[in-house]
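Here the structure is laid out as structure tokens; the discussion comes afterwards.
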2 protein chains.
Amino acid sequence: MPRAIAARAPLSRDVVLTAAVALADERGLEGVSMRHLADALGVVPMALYKHVGDKEDLLDGMVEHLLTGLGVGGTTGHQADRTADHTSKPLPWREAVTGPIHGVRALHRTHPWFRRVLETRQLRTPAVLAHMERLTSAFLAAGFTPDLTHHVMHLLGNRIWGFSPELFNEAGGPPTRRSTAPTPDPTDYPGILAVAADSRTRRPTATSCDEDGEFDFALATILDAAERLQRSGWSSPK
Amino acid sequence: MPRAIAARAPLSRDVVLTAAVALADERGLEGVSMRHLADALGVVPMALYKHVGDKEDLLDGMVEHLLTGLGVGGTTGHQADRTADHTSKPLPWREAVTGPIHGVRALHRTHPWFRRVLETRQLRTPAVLAHMERLTSAFLAAGFTPDLTHHVMHLLGNRIWGFSPELFNEAGGPPTRRSTAPTPDPTDYPGILAVAADSRTRRPTATSCDEDGEFDFALATILDAAERLQRSGWSSPK
DNA sequence: AGAGTAGGTGTACGATGTACACCACGTCAA
DNA sequence: TTGACGTGGTGTACATCGTACACCTACTCT
């Protein structure tokens with residue numbers, strides 16, 4: 001019984017979305033049900049439907065909410081760009097590209113659920129398009145042809161979305177699920193073991209990959225490659 | 001009432017997983033509920049729990065099922081590798097890398113739901129590790145240091161999983177949802193428009209991006225970059 | 001004063017995952 | 001032959017989910 005706690009301030013789409021993001025942050029994405037969200041707002045579940053169309057629209061809204069919050073200059077304090085081959089100092093267009101990319105990536109650090117929601121969204125919302133526009137126009141302004149720009153956007157792929165898959169260091173807690181899968185035998189994977197061993201000698205104290213470092217390396221390498229294609233006057237075959 | 005249709009063959013984990021994959025293929029991922037799956041098998045929902053631990057385990061199993069089916073040589077008929085800069089012919093190690101990658105990518109073409117399931121899985125199952133091992137050992141065998149191999153795996157990122165995000169050409173059907181989002185104004189995105197226009201002149205008949213082409217281009221470019229790093233004796237800083 | 005609207009309520013329904021108790025059968029030891 | 005047991009399918013039951021629908025209140029505008 002959501003007792004109206006002394007004239008609660010009225011809801012709005014923005015209030016709902018903010019609460020939903022907070023709820024997802026502390027309880028995980030599964031914790032975001034219309035009922036829990038309504039509870040958190042001191043309101044009955046159906047009240048939410050006056051502000052969001054349905055749950056899909058709520059999730060859309062959460063994405064939009066975070067991306068919009070990025071806006072101009074949401075990239076402060078992030079690691080500077082650097083080329084991977086250390087042969088030249090960063091050009092200004094690279095900052096124009098890495099800025100928005102690091103901005104979105106920061107969202108992933110703050111909101112671990114963000115990735116999974118993004119994956120299920122139709123992505124042609126204004127905030128998403130604005131993000132793409134920032135990147136696209138940065139390449140065009142740097143002298144990339146539209147053709148090459150197009151290809152480079154594909155090349156950047158999920159880098160645009162600010163994460164590389166957490167394949168290498170899962171939160172490998174104790175298996176709570178009644179999984180039928182056998183625990184794999186490490187000796188079946190000598191290559192992986194060799195890489196892991198090498199990685200351990202290189203960073204003895206670390207318990208997982210240097211995700212930020214790997215991300216920046218990948219981004220820089222890809223941008224280096226893009227730059228090389230541009231300078232060589234690349235255009236698509238046929 | 002699932003009438004035992006004249007001594008139905010007994011279930012097994014494999015039968016269940018195969019049916020689940022088929023169900024997902026024709027009804028989409030949302031259509032895969034324990035009840036629907038049981039129906040499709042002519043069985044009561046709870047019967048499934050003798051073969052899969054729970055729904056999470058079912059989804060794990062579906063991924064494992066498909067990846068295992070790839071096994072050795074699941075890569076026939078796919079486009080040959082080619083370098084993006086056309087300066088050298090493909091080396092054998094590149095086929096060893098692109099083979100498994102194209103194999104997984106083929107799964108995405110066949111099973112559109114595969115991507116979304118992958119995103120929600122814990123990825124350290126045997127089939128997943130086997131896939132990674134194939135790639136890792138191919139790099140090591142090609143003379144990449146473990147250090148560089150590690151970084152290149154991160155660099156490949158989702159390319160390992162055989163897709164780049166379908167950001168550019170959604171199945172943009174009529175909006176069935178009661179979305180609150182405003183339809184964006186195209187003129188707000190001149191860069192995107194310029195790229196799209198150029199793309200149209202280049203492939204006038206196409207209604208969407210050449211996804212396979214873009215994927216192959218991105219993969220080749222990344223592998224070119226990796227090769228360059230390897231030849232230059234790259235090792236991680238510090 | 002009366003109509004309209006924006007926003008919150010209450011009830012109700014169908015779908016989902018799955019716990020739990022049950023039972024039919026085969027195999028095997030006694 | 002008997003009886004115990006494990007394997008696999010059944011039936012019922014429950015909590016939780018998204019949300020349709022009818023309602024009620026309070027405020028604004030004519």
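Only a predicted model underlies this, so the values are computations on that prediction, with no experimental measurement involved. A note on names: the letters A, B, ... follow the listed sequences, proteins ahead of strands, and every chain is numbered from 1.
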| request: In plain terms, say whether Glu64(A) and Arg121(A) are close enough for a salt bridge, that is, a side-chain N and a carboxylate O under 4.0 Å apart. | output: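 Between Arg121(A) and Glu64(A) there is no salt bridge, as every charged N stays at least 4.0 Å from the carboxylate O atoms.
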| Between Arg105(B) and Asp216(B), is there a side-chain N and carboxylate O pair less than 4.0 Å apart? | no
| task | Check the pair Leu66(B), Leu70(B) against side chain to side chain contact (heavy atoms under 4.5 Å, CB included), reporting the backbone distance first and the verdict last. | result | CA-CA 7 Å; Leu66(B) 289 184; Leu70(B) 238 54; over 6 Å; no
Protein-nucleotides 12-18 of chain D N/O pairs closer than 3.5 Å?
unit_1	atom_1	unit_2	atom_2	d
dG18(D)	OP1	Lys55(A)	NZ	2.8
dG18(D)	OP2	Met34(A)	N	2.9
dG18(D)	N7	Arg35(A)	NH1	2.5
dG18(D)	O6	Arg35(A)	NH2	3.1

Calculate the interatomic distance between [X] atom [atom1] and [N] atom [atom2]; express it in whole Å.
{"X": "Leu37(B)", "N": "dT18(C)", "atom1": "CG", "atom2": "C1'", "answer": "15 Å"}
{"X": "Leu58(B)", "N": "dT16(C)", "atom1": "CG", "atom2": "C1'", "answer": "14 Å"}
{"X": "Asp39(A)", "N": "dG8(C)", "atom1": "CG", "atom2": "P", "answer": "15 Å"}
{"X": "Leu11(A)", "N": "dT25(D)", "atom1": "CG", "atom2": "P", "answer": "20 Å"}
{"X": "Leu48(B)", "N": "dT16(C)", "atom1": "CG", "atom2": "C1'", "answer": "13 Å"}

| query | With no hydrogens and no angle check, is any side-chain donor or acceptor of Arg115(B) less than 3.5 Å from a backbone partner on Trp161(B)? | reply | no
| query | Taking the side chain from Ser199(B) and the backbone from Val195(B), do they hold a donor-acceptor pair closer than 3.5 Å? | reply |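 Flag not set: sc Ser199(B) to bb Val195(B) has no pair under 3.5 Å.
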| field | For Ala38(B) against Val44(B), the heavy-atom pair lying closest together | value | CB-C, 3.7 Å
| In terms of side-chain heavy atoms of Pro45(A), which of dG8(C), dT18(C), dT19(D) is nearest? |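 The nucleotide sitting nearest to the side chain is dT19(D).
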| Below 4.0 Å: OP1/OP2 of dG8(C) and any side-chain N or O of His51(A) | yes
